[in-house]
Amino acid sequence: MVLIDTSSASVTTRKLTTAKAMVEGISQEMELDQSVFVLGEDVGAYGGIFSSTTGLLEKFGPKRVLDTPISETAFMGLATGAAVEGMRPIVELMFVDFFGVCMDQIYNHMAKIHYESGGNVKVPLVLMTAVGGGYSDGAQHSQCLWGTFAHLPGLKVVVPSNPFDAKGLMISAIRDDNPVVYMFHKGVMGLPWMAKNPRSLGAVPEQSYEVPIGKASVVRTGKDVTIISLSLSVHHALDAADELATQGVDCEVIDLRSLVPLDRGTILESAGKTGRVLVVDEDYKSFGLSGEIAAVICESDPRLLKVPFARLAVPDVPIPYSRTLEYAVLPTADRIISEIKHLMG
Amino acid sequence: MVLIDTSSASVTTRKLTTAKAMVEGISQEMELDQSVFVLGEDVGAYGGIFSSTTGLLEKFGPKRVLDTPISETAFMGLATGAAVEGMRPIVELMFVDFFGVCMDQIYNHMAKIHYESGGNVKVPLVLMTAVGGGYSDGAQHSQCLWGTFAHLPGLKVVVPSNPFDAKGLMISAIRDDNPVVYMFHKGVMGLPWMAKNPRSLGAVPEQSYEVPIGKASVVRTGKDVTIISLSLSVHHALDAADELATQGVDCEVIDLRSLVPLDRGTILESAGKTGRVLVVDEDYKSFGLSGEIAAVICESDPRLLKVPFARLAVPDVPIPYSRTLEYAVLPTADRIISEIKHLMG
Amino acid sequence: MDSQTRLGLYKTMVLSRSFEEAILRDYHADKKPAWDIGAGLIPGEMHLSAGQEPVAAGVCAHLTADDAVTATHRPHHFAIAHGMDLRLLAAEIFGRETGLGKGRGGHMHLFDPSTHFSCSGIIAEGYPPALGQAFAFKRQGKDRVAVAVTGEGAANQGGFHESVNLASLWKLPVVFVIEDNDWAISVPRDSSTSIRSNAVRASSYGIRGARIQDNSVEGVWDAAKTAIEKARAGEGPSLIEVHTVRLWGHFEGDAQAYRDDLGSLIDPIPAYASQLESDGVLTTELAGKILKEAKRQVDDAVEFAKSSPLPSAADAEKYVFA
Amino acid sequence: MDSQTRLGLYKTMVLSRSFEEAILRDYHADKKPAWDIGAGLIPGEMHLSAGQEPVAAGVCAHLTADDAVTATHRPHHFAIAHGMDLRLLAAEIFGRETGLGKGRGGHMHLFDPSTHFSCSGIIAEGYPPALGQAFAFKRQGKDRVAVAVTGEGAANQGGFHESVNLASLWKLPVVFVIEDNDWAISVPRDSSTSIRSNAVRASSYGIRGARIQDNSVEGVWDAAKTAIEKARAGEGPSLIEVHTVRLWGHFEGDAQAYRDDLGSLIDPIPAYASQLESDGVLTTELAGKILKEAKRQVDDAVEFAKSSPLPSAADAEKYVFA
Ligand SMILES: Cc1ncc(C[n+]2csc(CCOP(=O)(O)OP(=O)(O)O)c2C)c(N)n1
Ligand SMILES: Cc1ncc(C[n+]2csc(CCOP(=O)(O)OP(=O)(O)O)c2C)c(N)n1
Ligand SMILES: [Mg+2]
Ligand SMILES: [Mg+2]
């Protein structure tokens with residue numbers, strides 16, 4: 001389904017960080033389509049606190065790359081209104097943790113207008129936002145919250161884990177006629193000032209391409225156990241799978257890439273194959289993604305599961321500041337390994 | 001666990017509506033404890049749009065029952081700050097649908113301060129709010145959203161379905177040293193201007209009593225199938241169970257009463273007994289309560305389920321205005337019956 | 001002001017009132033004997049704007065269908081003054097498949113692409129999207145404007161502050177309108193607002209502010225003329241507060257026990273009629289013709305609505321995504 | 001102003017600066033060679049207040065530990081001026097079990113019951129809880145006050161508007177303080193705020209507003225004196241904006257490439273020292289003693305922090321509920 005064949009000779013790729021891949025996707029769409037513009041806090045001269053807009057101001061100027069006041073309700077709504085009038089805004093919420101100051105604009109307006117209008121009004125925009133912890137930013141700057149967004153109808157929710165997907169999903173999101181929440185984990189951006197992560201740098205085609213929204217990716221095939229994950233946790237899952245392989249456990253790793261739509265087919269197929277499922281989710285455990293996956297499986301057929309369903313997620317505690325505590329609640333490769341061992345009995 | 005023995009001769013009960021029972025709980029606590037006060041929009045002379053505060057202004061005066069401006073961020077935060085200084089506010093968010101204008105105060109402050117302070121600061125307050133649809137109030141005034149609140153750590157979430165629980169849970173909530181979100185469905189209040197509902201009127205002790213937070217109630221025992229539900233849907237579930245009984249299907253009905261804490265024990269016990277589970281939930285289907293229950297069951301033991309897990313919830317669509325559409329997405333007794341028949345094979 | 005304009009204002013107000021009187025009848029008709037808000041041909045909350053017509057008429061007289069209006073939970077007078085097709089409006093209120101939103105939205109959620117009209121059931125939250133419409137108009141190089149409406153109660157919501165500041169900063173062609181009807185449900189203005197006039201608040205944002213007393217449609221017309229011309233000319237936003245009157249309660253069914261000034265309310269429509277009559281612009285006969293024509297349009301719209309099909313339950317999940 | 005008071009202001013500023021210099025050193029010490037925000041003894045974002053000490057010193061001089069202060073993501077100067085135990089503060093910043101919040105909160109989330117101090121990492125959202133503290137004080141019949149702080153960038157957030165309106169309406173004993181350091185991360189004031197001075201906005205709420213230029217600690221002291229006395233006397237809230245200076249970047253690691261006025265910034269502490277010296281209140285010797293005493297306290301606190309245990313991973317789920 002990926003609309004570019006990266007093995008073809010005509011495709012030129014370079015290694016880019018996730019952040020640079022995202023920006024390239026935005027930039028290419030801005031060149032193609034005058035109605036695309038970017039707004040948010042510190043997206044201009046600063047280039048985005050997590051480098052999601054670096055260089056765009058220089059390239060496209062202040063009429064298309066706009067620093068806003070710290071007025072999320074006003075500028076989220078501005079994005080919605082501009083989208084209604086035919087523009088295609090990309091609006092950044094600096095940290096997803098700030099959703100509470102503007103959630104009404106997001107879920108009562110952006111998300112619902114298309115439905116309330118009986119399909120007569122479209123709201124094509126991208127709401128991009130930084131998620132995730134692991135660097136001691138505390139309870140108000142470290143959350144994932146994709147479960148919160150996915151629970152409310154009317155928003156697509158995409159969560160890239162690597163440079164290739166980041167660019168392709170950004171392009172798809174911009175071209176989508178719906179509001180798409182694009183959640184990028186700070187830890188996958190490849191930022192020079194955060195813990196280095198080899199999977200945050202990868203081959204990205206120069207050309208424009210789409211990664212379809214709603215299609216999970218089986219990033220590692222295996223027969224013993226299925227790890228369903230997304231965003232930074234995919235990296236940990238792959239690290240764990242590498243380690244487990246040396247111990248004779250063959251893990252399949254699924255990168256969901258999008259929560260809405262959720263790729264139920266890929267989940268069910270893999271669960272059916274391995275009979276053992278671990279969800280690894282950096283969002284809060286209860287009433288979120290991990291539960292939804294349990295429901296998907298057991299409303300299809302609970303007998304798919306040879307052993308009890310398992311989930312590794314933040315155990316319903318605000319993200320602690322101190323590193324010892326934070327790493328006690330975040331999913332890590334080590335904890336994935338021990339969960340898998342437990343599943344293997 | 002209910003701290004009053006309603007069968008005892010010394011207990012005097014009267015039939016009250018849920019709204020009156022709630023108000024009585026508030027009123028008795030206000031008499032006992034000077035630090036309890038009530039604030040919100042139209043809670044004074046109007047008595048609460050859904051009669052959650054009727055008569056309190058007359059009884060306790062404007063220093064303890066305060067109409068606020070339409071400034072939810074300011075007055076939610078006011079409640080939090082007052083609680084930190086030793087008061088016990090009851091703050092009303094008129095419709096839960098408005099959470100988006102003040103969610104930051106709720107989940108970044110009210111919910112997290114206790115944790116962030118390392119347990120040094122307590123935030124004892126009740127956030128009460130009206131939920132639910134069924135009377136054509138459209139996409140911005142008809143939601144339940146308990147899944148949204150339950151997903152975020154630090155808030156207890158209670159959801160009474162009847163007058164007895166409404167009073168007892170209110171008293172427990174006021175006495176609790178944590179922020180408790182108290183969600184009352186408009187359809188269970190027994191309002192004279194809404195569709196009548198016999199279960200919204202019931203025997204309520206005159207005395208003060210607590211209903212413990214975190215304990216589900218098995219409101220009907222049965223052996224064939226478990227219906228797990230809450231709030232207004234419990235009434236529909238009981239109606240469906242009555243009807244199904246005449247057809248030889250014996251339903252157990254669980255009223256969760258609280259989402260946080262979630263009474264996993266009662267869920268697992270019943271699922272283990274019947275092997276057939278239907279969750280009936282007026283909140284959105286995906287990434288919410290119904291998924292969480294699936295996870296609870298299948299992380300314990302997927303073989304508890306003799307047939308696939310089933311859930312009847314709002315199918316991820318904004319609540320439509322037109323009655324035909326709204327009743328096509330809400331859980332109704334008829335749809336519960338057909339789901340159960342399907343489960344019974 | 002010329003007579004044609006004055007008559008135009010009068011006609012708009014009469015049309016709006018006639019429409020709401022018809023809705024009022026049908027809203028209450030089939031909720032008896034036990035009044036049930038969810039019952040009848042028109043269920044749900046119903047916020048009528050009777051008394052506030054001068055605000056909508058005075059403002060919208062300066063707009064074309066290319067200009068945007070975002071209204072509140074009390075939207076009919078603005079929808080009608082801005083030229084919404086009455087049939088689509090009525091059919092939406094009756095929850096029909098032929099309605100503006102195919103029955104999905106209802107009376108607080110009207111979205112009309114052909115008049116760039118929208119509204120919201122969340123107070124003050126109609127302001128921010130209006131900024132975006134104005135932003136788009138500006139980028140598209142048009143002199144179109146966006147009008148954003150709230151009540152005086154809503155002006156104490158954070159979205160108000162953020163929106164007016166941002167519009168001023170970016171010199172967006174927006175006209176902010178506050179309908180001060182003295183009440184926010186049961187809460188009087190002096191229990192919600194720390195100052196007497198929201199026009200004062202304009203100075204917090206470096207924009208022009210005006211307050212129109214007496215619910216005067218011509219006063220509104222004047223102030224809106226200036227504000228809209230300035231917005232079209234690229235001079236940025238203005239704020240207009242109108243002291244108006246809520247004739248019929250917050251929503252239908254509101255007994256208004258909290259209010260004891262009901263006897264002193266002045267209905268602006270007969271008041272304006274007398275003024276026009278004493279100025280020789282209107283005669284009893286012409287007034288009759290205007291009313292008759294309004295009723296004809298309204299009857300047609302209501303008839304259209306009632307004879308339209310309800311949406312099919314099978315389609316309930318349509319339109320979540322484009 | 002008497003010499004003791006002036007010296008007191010100076011000492012407070014020096015203590016705050018000394019503390020932040022120590023934090024600055026330890027923050028950067030172990031993040032090299034590849035600077036990693038999550039590494040080292042003090043990980044995470046670090047917003048230091050150097051340059052803004054006059055605001056905290058001038059305001060808090062009028063408070064006792066019974067009064068409340070809610071500060072921002074940049075809270076140290078207020079925490080220190082309001083008398084927070086330096087050991088608890090340092091240990092929290094180092095993420096230790098002995099910290100104010102047992103290492104759960106971190107530098108943006110300081111909650112001190114003994115000085116009624118709190119802060120928030122969400123801009124402007126510290127205002128609303130301050131109203132509640134003031135409300136409680138009023139109900140308890142005490143003349144205690146609550147001081148609520150934001151930056152000039154935060155003043156464009158909805159919570160600002162709602163809070164000031166409500167405080168005015170209910171005549172709550174709150175003093176709103178705006179630290180205008182010209183910048184909100186990379187966004188200069190004139191790109192965020194549609195007017196020159198937030199003191200103007202006070203008139204939108206019918207309260208007193210003052211703006212202090214030149215980062216003058218004595219100017220702040222004067223204005224705060226009036227505001228706090230009025231609040232204690234039941235005369236309701238005031239707003240004070242101080243034009244101050246952010247000496248060290250938004251957070252540590254901020255290269256400030258967006259800013260070209262760094263050369264012209266005036267450090268208020270040496271500036272005040274010279275003023276006090278030329279007024280004969282301070283000598284070089286006394287200044288040395290003050291600095292030495294400050295450093296002693298800071299060293300003690302940092303030593304306490306570093307020698308304290310880290311929280312145990314097993315306790316991560318404690319304290320979600322009381
Ligand atoms: C954010 C939010 N809070 C509360 C409400 C409930 N509510 C609906 S209308 C209303 C009163 C609005 O008063 P005002 O703005 O003066 O408008 P009016 O009804 O007088 O036209 C309230 C409180 C809401 N819709 N949205
Ligand atoms: C609601 C919200 N939006 C955005 C941010 C990110 N942020 C943190 S500090 C800051 C700038 C604040 O500027 P100002 O209020 O002037 O305070 P200063 O940093 O200058 O002290 C921003 C945008 C936030 N913390 N909260
Ligand atoms: Mg009003
Ligand atoms: Mg600043």
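Values reported hereafter were calculated over all heavy atoms of this structure, with side chains retained and with hydrogens, waters and symmetry mates removed. In what follows, chains carry the letters A, B, and so on, assigned in the order in which the sequence lines appear, proteins first and then strands, with residues in each chain numbered from 1. Small disclaimer: the values here were computed from a predicted structure and weren't measured.
Proximity to chain D (any heavy atom under 4.5 Å) is shown, for A/Glu72, by both the backbone and the side chain. Heavy atoms closer than 4.5 Å to chain A are found nowhere in D/Ala257, neither backbone nor side chain. Neither the backbone nor the side chain of A/Thr73 comes within contact range of chain D; no heavy atoms are under 4.5 Å apart. Proximity to chain D is absent for every atom of A/Tyr327, based on heavy atoms less than 4.5 angstrom apart. Interface residue D/Ser312: only backbone heavy atoms are found under 4.5 Å from chain A. Contacts of D/Glu97 with chain A are absent, with no heavy-atom separation under 4.5 Å from either backbone or side chain. For chain D, no part of A/Leu191 is nearby; none of its heavy atoms comes within less than 4.5 Å.
Of the candidates A/Val38, A/Thr53, A/Val43, A/Asp67 forms a side-chain contact (heavy atoms from CB on, under 4.5 Å) with just one, namely A/Val43. The ring pair (Phe, Tyr, Trp, His ring centres under 6.0 Å) test with D/His76 singles out one residue from D/His107, D/His82, D/His47, and that residue is D/His107.
The greatest number of non-hydrogen atom pairs below 4.5 Å with chain A, out of D/Ala154, D/Gly38, D/Gly153, D/Pro43, is found for D/Pro43. Contacts with chain A were tallied for D/Gly105, D/Gly99, D/Gly158, D/Gly101; D/Gly105 has the most, counting heavy-atom pairs under 4.5 Å. The choice from D/Glu317, D/Gln256, D/His109 that makes the most heavy-atom pairs within less than 4.5 Å of chain A is D/His109. For the set A/Gln140, A/His141, A/Glu326, the entry with the most heavy-atom pairs within less than 4.5 Å of chain D is A/Gln140. For the set D/Val320, D/Ile122, D/Ile123, the count of heavy-atom pairs under 4.5 angstrom toward chain A peaks at D/Ile122. Ranked by heavy-atom pairs under 4.5 Å with chain A, the first of D/Leu310, D/Asp315, D/Asp254, D/Asn156 is D/Asn156. When each of A/Asp316, A/Leu325, A/Val101 is scored by its heavy-atom pairs under 4.5 Å with chain D, the top score falls to A/Leu325. Chain A forms the most heavy-atom pairs under 4.5 Å with one residue out of D/Thr193, D/Ile42, D/Ile93, and that residue is D/Ile93. When each of A/Gly138, A/Ala45, A/Pro315 is checked for heavy-atom pairs under 4.5 Å with chain D, A/Pro315 comes out on top. When A/Val329, A/Asp137, A/Ile319 are compared by the number of non-hydrogen pairs under 4.5 Å with chain D, A/Asp137 comes out ahead.
Under a 3.5 Å cut-off, the side chain of A/Ser290 and the backbone N or O of A/Lys285 do form a donor-acceptor pair.
Using modelled atom types and a 3.5 Å distance limit, the side chains of A/Lys59 and A/Ser27 yield a donor-acceptor pair. Checking D/Thr115 against D/Asp112 by side-chain atom types alone, a donor-acceptor pair falls below 3.5 Å. Counting only N and O atoms by type, the side chains of D/Arg74 and D/His250 include a donor and acceptor under 3.5 Å apart.
Contact check for D/Lys102 versus D/Pro311: no side-chain heavy atoms found under the 4.5 Å cut-off.
The environment of A/Lys196 atom NZ is dense: over 12 non-hydrogen atoms of other residues, nucleotides or ligands sit within 6.0 angstrom.
A tilted orientation is assigned to the rings of D/Tyr127 and D/Phe176, their planes being inclined by 30° to 60°.
A cation-pi contact, defined as under 6.0 Å to the ring centre and within 45° of the axis, is absent between A/Lys186 and A/Tyr135.
Shortest non-hydrogen contact noted between A/Tyr46 and D/Ser186 is CB-OG, 3.5 Å.
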